[in-house]
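For reference, the structure discussed in these notes is given below.
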Amino acid sequence: MQVLHIQTPLLESTPLSQIVGSEVWLKMEALQPSGSFKLRGIGRACSYHAGRGVQRFISSSGGNAGIAVAYCGRKLGLPVTVVVPLSTPERAIETIKCEQAEVIVSGESWQEAHGHAQSLSGRDRVLIHPFDDPLLWEGHATLIDEVKQSGLRPDAVVLSVGGGGLLCGVLEGLHRNDMADVPVLAVETEGAASLGASLKAGHHLELERITTVATSLGAKKVADKAWEWCGRHEILSLSVSDLEAVDSCLQFAADHRHLVEPACGAALAAVYGQQPFLNDKKTILLVVCGGVGVSFEQLQQWQQDLEKR
Ligand SMILES: *Cc1c(COP(=O)(O)O)cnc(C)c1O
């Protein structure tokens, strides 16, 4: 089976290590060719389906999942259709088209676009889900395989949670690499804290609405599997404000010269904000999940707008 993701660098961050007073290691998923970790899982799913002879990939994401599916289709020589809602920024549509995928703009919300995408799927046209698919988690788990191969054994993993695909993959990776006891700090923005709300309520619930600049975290309900993991692994849930996420992206750009989305900034904010949970952890693995929906000007604009609130 063709592997479509790359092995990413694992970098020790001097600025972040100084802030928390321990070793902070960055897994640089922002450097995947599609700009985010999503390529690991989506590459795994697309490769698998290509192997069983599907003729087309379909996606309902105008974000990093859609871009990853488009990239995989181009690499595997299969056509891709991405259905995105009307609200999708022109830049995102251009990025997807740049990967030679067909873009259909349809529906007021993601749900409507997803419904349209579902109606296009069939026996030889497979809809690739952005977060809820065991093939995806298997692919995301390679991130931890690489950490293990490097010889690093973290005392905690810090990552962002949207629909929980990354979380499921990292947990699968920890368990298959003899690190089942390593706790995970799962970070969301306040306006997209579907995991946090479920944990607080004690049952798996769906948010009524999403209000955050971290659009890549905008799942109203996390995958069943993500919720299930909370019962069998030490997972601490944390919410940060949009402003904290955006500030952290700008600080990270200054410290490490890489641009990442606020979705990724949420995880960064846990470390920049010196979360007490990290106090006694000597070695911290921070998943820099990336994201292409960002520019320096956009980050500054968000920061200005959020500071006014
Ligand atoms: C998709 C995405 C997330 C959230 O991942 P889930 O698997 O949905 O939890 C976080 N950051 C970025 C940049 C993403 O693209």
Side-chain angles (χ1 to χ4, degrees), residues 4 32-50 52-137 139-140 162-166 192 194 206-207 209-223 261 263 289-294:
L4 297 165
Q32 289 292 347
S34 75
S36 79
F37 75 93
K38 288 232 170 48
L39 188 54
R40 290 185 186 268
I42 286 175
R44 174 93 180 89
C46 287
S47 261
Y48 167 81
H49 290 296
R52 65 177 188 89
V54 305
Q55 296 301 310
R56 180 179 287 271
F57 299 125
I58 298 166
S59 170
S60 56
S61 157
N64 298 309
I67 292 158
V69 176
Y71 176 87
C72 292
R74 183 169 64 76
K75 283 297 188 188
L76 293 164
L78 286 170
V80 174
T81 303
V82 183
V83 186
V84 301
L86 287 155
S87 56
T88 310
E90 192 53 39
R91 249 188 55 154
I93 293 175
E94 285 313 313
T95 310
I96 296 166
K97 283 187 177 162
C98 192
E99 293 291 355
Q100 294 160 27
E102 173 194 22
V103 177
I104 298 177
V105 182
S106 167
E108 297 289 337
S109 65
W110 176 79
Q111 275 78 7
E112 286 174 36
H114 186 68
H116 188 147
Q118 276 174 322
S119 75
L120 297 177
S121 67
R123 211 159 51 87
D124 57 358
R125 306 151 146 259
V126 63
L127 177 60
I128 306 289
H129 198 281
F131 59 82
D132 196 358
D133 176 355
L135 284 170
L136 235 63
W137 310 330
H140 294 339
L166 176 61
S194 42
E206 178 169 333
L207 297 179
R209 68 181 72 79
I210 298 289
T211 49
T212 179
V213 297
T215 48
S216 297
L217 302 184
K220 288 184 183 169
K221 191 177 187 187
V222 296
E261 286 182 12
C289 51
V292 303
V294 68

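In this text, all values refer to a predicted model and were calculated from it rather than measured experimentally. Side chains included, hydrogens not; waters and symmetry mates left out as well; all remaining heavy atoms used.
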Query raised in the report: How many angstroms lie between NZ in Lys220 and OG in Ser194, if you round to the nearest 0.5 Å?
Result: 11.0 Å
Query - Interatomic spacing from CD1 in Ile128 to SG in Cys46 - rounded to 0.5 Å - result: 4.0 Å
Query raised in the report: So how far is it from Lys38 NZ to His140 NE2, rounded to the nearest 0.5 Å?
Result: 7.0 Å
Requested in this report: Please identify each residue that fulfils side chain to side chain donor-acceptor pair (under 3.5 Å) with Thr81, with sequence neighbours left out.
Outcome: Arg56, Glu102
Query - Flag, side chain of Glu261 to backbone of Val292, donor-acceptor distance under 3.5 Å - result: yes
Report summary line: Closest heavy-atom pair, Ser34 versus Leu39, reported as atoms and distance to 0.1 Å, is OG-CB, 3.5 Å
Report task. Supply the atom-to-atom distance Leu120 CG to Gln118 CD, rounded to the nearest 0.5 angstrom. Result -> 10.0 Å
Query raised in the report: Does Gln55 reach the main-chain N or O of Gly53 with its side chain, forming a donor-acceptor pair under 3.5 Å?
Result: yes
Query raised in the report: Going from CG on Leu86 to OG on Ser109, what distance comes out if it is rounded to the nearest 0.5 angstrom?
Result: 9.5 Å
Query raised in the report: Do you know which two heavy atoms are closest between Ala65 and Pro130, and how far apart they sit?
Result: CB-CB, 3.7 Å
Requested in this report: Compare every heavy atom of Leu135 with every heavy atom of Arg44, then report the nearest pair and how far apart it is.
Outcome: CG-O, 3.2 Å
Report task. Walk me through it: do Glu112 and His116 pass the test side-chain contact (heavy atoms from CB on, under 4.5 Å)? Result -> CA-CA 6 Å; Glu112 286 174 36; His116 188 147; over 6 Å; no
Query raised in the report: Rounded to the nearest 0.5 Å, how far apart are CD1 of Ile93 and CD1 of Ile67?
Result: 11.0 Å
Report task. Under the side chain to side chain donor-acceptor pair (under 3.5 Å) rule, collect the residues that match up with His49, sequence neighbours excluded. Result -> Arg52
Report task. Could you list the residues that satisfy ring pair (Phe, Tyr, Trp, His ring centres under 6.0 Å) with Phe57, not counting sequence neighbours? Result -> none
Query raised in the report: For Ser59 and Ser61, which heavy atoms make the closest approach, and how far apart are they?
Result: OG-N, 3.2 Å
Query raised in the report: Would you say Ser36's side chain and Gln32's backbone share a donor-acceptor pair under 3.5 angstrom?
Result: no
Query raised in the report: Between Val84 and Gly62, what is the shortest heavy-atom contact and its length?
Result: CG1-CA, 3.4 Å
Report task. Give the minimum heavy-atom separation between Asn64 and Ser216, together with the two atoms involved. Result -> ND2-OG, 3.3 Å
Requested in this report: Go through the structure and list residues passing ring pair (Phe, Tyr, Trp, His ring centres under 6.0 Å) with Trp110, not counting sequence neighbours.
Outcome: His114
**Report entry** Thr88 vs Ile96, side-chain contact (heavy atoms from CB on, under 4.5 Å): CA-CA, chis, key distance, verdict
**Finding:** CA-CA 11 Å; Thr88 310; Ile96 296 166; 5.8 Å; no
Validation: residues 69-76 side-chain donor-acceptor distances under 3.5 Å, sequence neighbours left out:
unit_1, atom_1, unit_2, atom_2, d
Arg74, NE, Glu99, OE1, 2.6
Arg74, NH2, Glu99, OE1, 3.0

Query raised in the report: Quick one: does Leu136's side chain get under 4.5 Å of Ile42's, heavy atoms only?
Result: yes
Query raised in the report: What residues form a side-chain contact (heavy atoms from CB on, under 4.5 Å) with Ala113, not counting sequence neighbours?
Result: Val83, Pro85
Query raised in the report: Between Trp137 and Phe131, is there a donor-acceptor pair closer than 3.5 Å when you use the side chain of the first and the backbone of the second?
Result: yes
